[in-house]
Asks: 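Handing you this structure, nothing more for now.
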Number of protein chains: 2
Amino acid sequence: MTIYDIARIAGVSASTVSRVVNNKPGIKEETRKQILALLEQYDYSPNETARGLVNKASRMIGILIEDIRYAHHVDIAYYIEEEMGKHGYCSLILNTGLTDDKKVEAVKVLAQRRVDGVILVGSTFETEAVKRALDAGLSAVPVIMTNGYLNLPNVKGVLVDEREGVENCVELMRVKGHEKLAFVRPSHTKSSLSKEQGFVQGMERRGFKREELWIYECPTTLEDGYAMMERILEDHPDVEGVIFGEDLSAVSAIRALVDRNIKVPEQVAVIGVDNSKYCDICYPKLTSLNNRMVEMSLEAARILFDSLEGRENPDRIMLFSRIVEREST
Amino acid sequence: MTIYDIARIAGVSASTVSRVVNNKPGIKEETRKQILALLEQYDYSPNETARGLVNKASRMIGILIEDIRYAHHVDIAYYIEEEMGKHGYCSLILNTGLTDDKKVEAVKVLAQRRVDGVILVGSTFETEAVKRALDAGLSAVPVIMTNGYLNLPNVKGVLVDEREGVENCVELMRVKGHEKLAFVRPSHTKSSLSKEQGFVQGMERRGFKREELWIYECPTTLEDGYAMMERILEDHPDVEGVIFGEDLSAVSAIRALVDRNIKVPEQVAVIGVDNSKYCDICYPKLTSLNNRMVEMSLEAARILFDSLEGRENPDRIMLFSRIVEREST
DNA sequence: TTGTAGGCGTTATCAC
DNA sequence: GTGATAACGCCTACAA
């Protein structure tokens, strides 16, 4: 059922039908009524593909995510999808995995689909390869990155000061009487490095030397988190607190401690980052740095929509993290 | 950059360029080389929108989900997106919420976007309103429903025998020495009712009368799960086991028990359904009915792709659930 | 107030 | 091997 079909049935031209469909003025009320009725009767549904072609706008945005199964990622995708949906935009969500190859591939897919805008979730997209791909294929549409930034004219970033946040975690540990701390970095992304920097600066301020800090790296899985905690206990039986760069390995580390009858937080305190749902599920509940994922998503969606509508916004927006204290500190 | 632009530069016609782009035969090797080079040089990216218009295929599928933030839903979306992505399909993921209005609205959006196929995640879409909307707007494309079914010619279902699964949970409780059981239903969906039926039949087989069974209903949140457990303890201080229709409220219920110094599983055993990530995070770890979400997703994607390619498949496929025992039983 | 014609970027069908 | 030409479904000047 196309506007031509409806036009033929109504005995008018296709443009008249088009005008009615799009609520354009300058149509006799009687004609409008009649066509509206036919539209209804035949369940007419405008072909967005055809519209996209002529309007040069797909009314779709692309959301690139490393792996949507991570609790904080899915929240971001959810809020962005919902927010953009309100404005009539559909979201093409692509899981890119962590290699540059697949990220570049995903950018190309979005380019072919002619999305009107893009949101890159997380500083994992802050790489040269992604930058080049964006420059080549998506330089004409607004791109918003959460928790990171790329120096390209059409890219804006919504950032969180995780460095300062982790530094505050170190301070919280001190206040609670935990001196000897370890830090576990989840990966090598920009965000991860900021967190590590926060740890280093916090510890240096407390008189520790950079070289003697206990810093580890551990993939974001329950198994690895558990093993990580075992390893730390082995390396440093006198450890009094551990700060993890994300929640999942942290909750698993708590379990490792509980299994060894080490009291949390009395003997060893634990802090995570992301303030995800996991924090309330583990036992004891995990204190975590709220890096404002929800607000960041909503901001990203807002800025993207602003750009789509031609409104201006600063290149970077900074949000500030806050510690949510629970039972593990 | 369109094929016309490339054609002009190369001094050939647009059809020749089109043939090269689509790897069609019957092009002189030399011409092909030359055009390939230009395509590369100018970063040509075919406009999928235009292709969709002429091919009458968007190469997009729609995934309808009540709320992707639920751990088991996001897994499903992830696997379907990945699987269909391998075949060149993009996924339009829409969160519909639980009202019929918004579900119907989402179906219309997918219809307008002319998706080539649809996956409905969960029996929450097994309603008359959704059925009518599909019939009106998406009767020409394959629709696969996970964990449910709609009697429409273009709809296929991938189902899990949750009724039997929950009945087995009752049996497991018996084996472990837990007699007095309560059941908590998460909602009024078809799936929920099947689970309840499993509970009822399992208990009847053990000699309990239907009227005296302890059956409750509770929304899927941590807060409600905690309160639910408190309520059950109040109503039935002698309860020995609780089966929850999903994991999230179950893990929270475990915490309620731990907080009251009630030993899990010795005094009260707990079983959930979904076998989600939460099971391994709470303490003690939650025994849960694996309702095969991952396999179901992959099956759904496979069947959808088969339909898209014109291959036949049975209207319904049944998978069988299995209990994954952890520490709460 | 309505209709005609052209074009959006592709692909497919003929012809040459 | 290659090139016109006509769709695909819609929108929008411009004309009437």
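Bear in mind the structure is a predicted one, so any value in this text is a computation, not a measurement. All values below were derived from every heavy atom in this structure, side-chain atoms included, with hydrogens, water molecules and symmetry-related copies excluded. Every chain is numbered from 1, with letters handed out A, B, ... down the list of sequences.
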Asks: Round to the nearest Å and state the distance from Ile6(A) atom CD1 to dG9(D) atom C1'.
Replies: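 It works out to 13 Å between those atoms.
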Asks: What is the ring orientation for Phe305(B) with Tyr89(B), classed by angle as parallel under 30°, tilted 30 to 60°, or perpendicular over 60°?
Replies: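 Ring orientation, 0 to 90° scale: perpendicular.
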Asks: What is the separation between atom CD1 on Ile3(A) and atom C1' on dC10(D), rounded to the nearest whole Å?
Replies: 5 Å
Asks: For Asn55(A) and dC10(D), what is the distance between atoms CG and P respectively, to the nearest whole Å?
Replies: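 So the two atoms are 12 Å apart, to the nearest Å.
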Asks: For Met1(A) and dC10(D), what is the distance between atoms CE and C1' respectively, to the nearest whole Å?
Replies: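 In whole Å, dC10(D) C1' and Met1(A) CE are 16 Å from each other.
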Asks: Considering the terminal five base pairs at each end of the helix from dT1(C)-dA16(D) to dC16(C)-dG1(D), what angle separates the two local helix axes, rounded to 10°?
Replies: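 That helix gives 40° between its end axes.
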Asks: By salt bridge (charged side-chain N to carboxylate O under 4.0 Å, His left out), which residues pair with Lys103(A), not counting sequence neighbours?
Replies: none
Asks: What's the verdict on salt bridge (Lys or Arg N to Asp or Glu O under 4.0 Å) for Asp135(B) and Arg132(B), showing C-alpha distance, side-chain angles and the deciding distance?
Replies: CA-CA 5 Å; Asp135(B) 202 27; Arg132(B) 274 195 304 275; over 6 Å; no
Asks: Mind calculating the distance between OH (Tyr4(B)) and C1' (dA6(D)) to the nearest angstrom?
Replies: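 To the nearest whole Å, that distance equals 10 Å.
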Asks: In whole angstroms, how far is the C1' atom of dT10(C) from the CZ atom of Arg113(A)?
Replies: 14 Å
Asks: Do Glu105(A) and Lys108(A) sit within salt-bridge range, that is, some charged N less than 4.0 Å from a carboxylate O?
Replies: no
Asks: Ring-plane angle category for Tyr70(A) and His72(A), please: parallel below 30°, perpendicular beyond 60°, tilted otherwise.
Replies: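 If you compare the ring of Tyr70(A) with that of His72(A), the planes turn out parallel.
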Asks: Taking atom types as modelled, find out whether Asn291(B) and Asp274(B) have a side-chain donor-acceptor pair closer than 3.5 angstrom.
Replies: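 Yes, side-chain donor-acceptor contact under 3.5 Å.
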Asks: Rounded to whole Å, please give me the gap between CZ in Arg51(A) and P in dT12(D).
Replies: 10 Å
Asks: Are any of the side-chain heavy atoms of Gln112(B) and Pro46(A) separated by less than 4.5 Å?
Replies: yes
Asks: In whole angstrom, what separates Leu53(A)'s CG from dG7(C)'s C1'?
Replies: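 In whole Å, dG7(C) C1' lies 9 Å from Leu53(A) CG.
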Asks: Under a 4.0 Å threshold between the charged nitrogen and the carboxylate oxygen, would Arg302(A) count as salt-bridged to Glu299(A)?
Replies: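 A salt bridge is present here (some side-chain N lies under 4.0 Å from a carboxylate O).
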Asks: By nearest atom, which of the nucleotides dT10(C), dC10(D), dC8(D) is closest to the Arg114(A) side chain?
Replies: dT10(C)
Asks: Quick test of your reading of the model: are Glu48(A) and Arg51(A) salt-bridged, counting only N-O distances below 4.0 Å?
Replies: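 Salt bridge: yes.
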Asks: Short of 4.0 Å, heavy atom to strand atom, which residues of residues 11-36 of chain A count as contacting DNA chain D?
Replies: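 DNA chain D contact set from residues 11-36 of chain A: Ser15(A), Ser18(A), Arg19(A), Asn22(A), Lys24(A).
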